[in-house]
Structures are given as structure tokens and as C-alpha cells.
Number of protein chains: 2
Amino acid sequence: MTTDPGAPRPPRSGPLTKEAVLHTAVAMADRSGAGVPSMRNLAERLGVKAMALYHHFRNRPALLDGMVDRVFGEIEPPPEDAEWREAMRRRAVSMREALIRHPWAIGLMDSRTEPGRATLRHHNAVIGCLRSGGFSIAGAAHAVSVLDGYIYGFTLQELSLPFETPAELEDTADSIMRGLPGDEFPHLAEMVADHVMRPGYDYAEEFGVGLDLILDGLQRRRESWR
Amino acid sequence: MTTDPGAPRPPRSGPLTKEAVLHTAVAMADRSGAGVPSMRNLAERLGVKAMALYHHFRNRPALLDGMVDRVFGEIEPPPEDAEWREAMRRRAVSMREALIRHPWAIGLMDSRTEPGRATLRHHNAVIGCLRSGGFSIAGAAHAVSVLDGYIYGFTLQELSLPFETPAELEDTADSIMRGLPGDEFPHLAEMVADHVMRPGYDYAEEFGVGLDLILDGLQRRRESWR
DNA sequence: TGGCTACCTTTACACTGTACGGTAGCCCTT
DNA sequence: AAGGGCTACCGTACAGTGTAAAGGTAGCCA
């Protein structure tokens, strides 16, 4: 079965549009967990042959660019006049949520080339909020760099974990730990046993811990970053 | 040209080993910038047919796991009894360097499943250093989470930049800025003009800025993270 | 009427991972 | 010495990929 999930083909009205293609591509990537669909599968879902897509996108990377830009469009941008710290926190949370909603997106980051309009708009809003919160240009650049780095990196790690519920975590953790000499990696073993497998542990909570640490640091340095 | 770069095939002595395959795979991925080689290309370089590789690796993902583990093996682990802050700084720098030396590795992170021995050894050393530096188990978990998140995320962003030298940066930046209304993204435009394109700007320096911010935060919280 | 354009299809090519089955040489046991 | 099993490799084949090249068709404008 090559095109299992979902409706075989909705009869379209009128010609395809870039936006319609991107919408369907994102929807397909979100289900199926198998990442971005192939050109043929995407086309079939749209009731069209693969080569038709090349009339709307120069090539596959161009389509991926468009998909990533759509994800950026979903991130709640900070209002320009908002208090910077709270605004940055909300933006970080919103960004992580978007990346988790579209787990295929973060793996595409490292091959994207041209930022789309939603992406530019987003970055512009972030910088604007920091600037009006009292950050210098250099300071805002530093802030964006740490924050975005942390958000991407944390989420990348989170998505690469081979489990989703705490119960699965427990299974995975001791299936990894089993088969190890046990005293070869004592610190790791201790952390898994006493911390990770503690009932109620939820890795997602870690996000806020690191985020607040970074926001504190930004607040403390804001003045001195001239 | 399908197998352009490098020697056609070195005559091997004796049978292939896992390690030899991984060594060649990493070397090929490092050159060529085109990411991990295909099974056929890798096999050809080893003087062997593609299917021979499946006698040493269950499938392609297993080979990728091995490659990632080799990258972890290159990261300088912190000595257990070292002063934690300096040790963490060195480890972060070493990790970023390894990821930049092997730019294909970070894109593989989100699909890896079983951590290899070098990976486990590395994490064990990091946790051990933090623990003997006075971090509680929970504190060490927090520290690892922020630090690794930042390192991955920063490097991911850095690698996705479509330039390498400051000169290329300048070209890219204003080729993006050109064609925009200019007053649509004023804050972004300002930052590019006044900061990024300032002579001597080097994005790589940002790494240390964020890293020190995080290390400060960790130092400040170490005691209270019980 | 003729031509131009936008949109889509057909065909083809080079490439991918890998399932399945075979073969040549070695070692161990009877 | 004969047989059996094991390791290491090869050949073939299949279903899938992105996309270049070329062709078709419908609608619009001169």
C-alpha cells in the first residue's frame, strides 16, 4: 500500500494553487509520521500527476521551503509593544508547539535556503519586540541567537526521543540499560534510575526550566549589551 | 558522474569490518557535502557490492547509528574531577566543532534510535562531572538539557546558513534584503544593515556569548536545584 | 482564425534501499 | 575423509524516488 492514509482523491474545482499544494503537503506530512510525502504521493492526493507540481514549484526543495514557511506562519509572533520577557516566553512556547505539531519541519531546517515571507515577518516581530524592550541591536542579536538555538535544539532532542508517553519512556529506558554492564556508566544509570524513571517524570517540563534560565540571563545582560 | 570523488577502490586485505565501513562512510560524508553516501556508492568505494554491507549492518539506519556514534566518540569528554564550569565549556566547544566537522550528523539526530557506546560513555562522563561539581541529580538533568539543547540548536542554525565566510554572508544578506519592500520588515533590515553587515562580524562568536549566559545561569542555580 | 499561455500528462532516465537466493571457502565434528 | 554448517560476499530483481524533455489541450486575446 503506497497511499494508504486518507481519502483517495478529492475532485478539485479549478486549477491547483501553490497554497493548496502546500496545505495538502503539510497535512500529509503531519499524519503518517513518515515525513514529507513524495512528489508522486502528494500529486495523487491532489488528483493530479507528479509533474503537475513542477508548474507551481521549481523543484522539491522549493516545495519544502514553502512548507517550512507555513510552519513559521503558525508561530504566534510577539506583539511589538508587549513586555519583552513575557512575550519571548510565549513565543518560545508557541514555537516549540508548532515544531511538535509538525515534527518533519525541524529536520528540514538544515537544508532550507531561502527564508519565506512568514519567516521574515516572524523574525522581524521578534527583533522589534526586543528592541522596544530596551535591547540594543547587538543585544537583540545575542538574544535571538540563544533563544532560537535553545528552542530548536531542545525540540530536536525531544522529537528524537523514541517514546512519547512516560510509560513508553520507562520501557525504553530500561531496555537500553539492560544489556549494559551496569557499572560501566554509573552516573547515567543513576540518573535513569533515580530521576527519569521516577513516577510522574515528564521531559517536556524541562523546556520551561531552561527557558527561564535563559530569560533570566537575558534580563541580567540587557543593559550591558550596548 | 556517480562516483566522482576520490579513489576508485583500494584493494582490501581480508574481509570488511564494521569499523572499516564506518570509517569510510564518515570520510565520504565529510567530503562531497552531499550527505551520507548511498549504499551502492559506499560499497563501491570499499571494493565491494552493495549487498555485502548488509552482512555487517542490519539495514541503513543501523549504519547511520554507527556513524553518529563515531561522531560522539570524537567529542572530548569532561574529566570527571575537573572544575565543572570550565569542563562544560570545553565540552560544548568540542561538541560544536565535531558537529561542524561532520555537518551531516546533526540532521541524522532526529531519526536515531539506539544510542551507541561512545554516546553513552560521553553522557555518562558529562553527568559525572556535573555531579562531582555539586549538582544534584535533578540539577544535572536540567543542566544537560539546556546545554545540549543549546549546542545542537545553535549548530543546527549555523550549519543551515547558506554561507561560510563573512564575505559570502554579505552577499547573501543583501540578496535577500533586495526585493523586499524594505519598510515591511524594518527591524530585520536594521539588524542586517547595522549589525550583520558590519565589517568583521562573525556569527561563530555568538556561540560563546550564549554559552556563557547559560553557564552563568547554571552556576547561579546549582545550589537551589535540589 | 491564429497564436499564446497556463496547466497537466506521458514517457523516460538514473538512482535509491533491500528482499531473496546463490556460491566459494573455511572450520568442526564424526 | 566426508559431510555439515558458518561466514562473507555476489547477482538479480522490485518497487520506489526526483525530474528532464516533450507533448497535449483548453481558454483567452488579437
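FYI, side chains are in, hydrogens and waters are out, and symmetry mates aren't considered; it's all heavy atoms of this structure. Lettering of chains follows the sequences in order, A, B, ..., and the numbering in each one begins at 1.
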Residue whose nearest DNA chain D nucleotide is more 5′ - His56(B) or Ser38(A): His56(B)

Value in whole Å for how far the C1' atom of dT17(D) lies from CG of Leu63(A): 15 Å

Set of residues satisfying side-chain contact (heavy atoms from CB on, under 4.5 Å) with respect to His123(B), sequence neighbours excluded: Leu188(A), Phe72(B), Thr119(B), Asp148(B)

side-chain contact (heavy atoms from CB on, under 4.5 Å) involving His187(A) - partner list, sequence neighbours excluded: Glu80(B), Asn124(B), Ile127(B)

Under-3.5 Å N/O pairs linking protein and nucleotides 19-25 of chain D:
{"from": "dT19(D)", "atom 1": "OP2", "to": "Tyr54(A)", "atom 2": "OH", "distance (Å)": "2.6"}
{"from": "dT19(D)", "atom 1": "OP2", "to": "Arg60(A)", "atom 2": "N", "distance (Å)": "2.9"}
{"from": "dT19(D)", "atom 1": "O5'", "to": "Tyr54(A)", "atom 2": "OH", "distance (Å)": "3.4"}
{"from": "dT19(D)", "atom 1": "O4", "to": "Arg40(A)", "atom 2": "NH1", "distance (Å)": "3.3"}

Check: His102(A)/Glu74(A) side-chain N/O donor and acceptor closer than 3.5 Å: yes

Rounded interatomic separation in angstrom, taking CG from Leu53(B) and P from dA19(C): 14 Å

Leu46(B) CG - dC9(D) C1' separation (whole Å): 13 Å

Pairs flagged by ring pair (Phe, Tyr, Trp, His ring centres under 6.0 Å) wherever residues 20-71 of chain B is involved - sequence neighbours left out: none

Basic-acidic side-chain contact under 4.0 Å: Glu76(A), Arg91(A): no

Could you list all N or O pairs between the protein and nucleotides 24-26 of chain C that sit under 3.5 Å apart?
none

Set of residues satisfying ring-ring contact (aromatic ring centres under 6.0 Å, His included) with respect to Tyr152(B), sequence neighbours excluded: none

d(CD, Glu44(A); C1', dC8(C)) in whole Å: 16 Å

Set of residues satisfying salt bridge (charged side-chain N to carboxylate O under 4.0 Å, His left out) with respect to Glu158(A), sequence neighbours excluded: Arg96(A)

Any residue meeting side-chain contact (heavy atoms from CB on, under 4.5 Å) with Glu19(A), in chain and number order, not counting sequence neighbours: Thr17(A), Leu22(A), Arg70(A)

Protein-nucleotide distance (Leu64(B), atom CG; dG17(C), atom C1'), rounded to Å: 11 Å

Length of the line joining Lys18(A):NZ and dC7(C):P, which is rounded to integer Å: 11 Å

Residues forming a side-chain contact (heavy atoms from CB on, under 4.5 Å) with Glu114(B), sequence neighbours excluded: Asp65(B)

Atom-to-atom span, CG of Leu16(B) to P of dT7(D) - whole angstrom: 16 Å

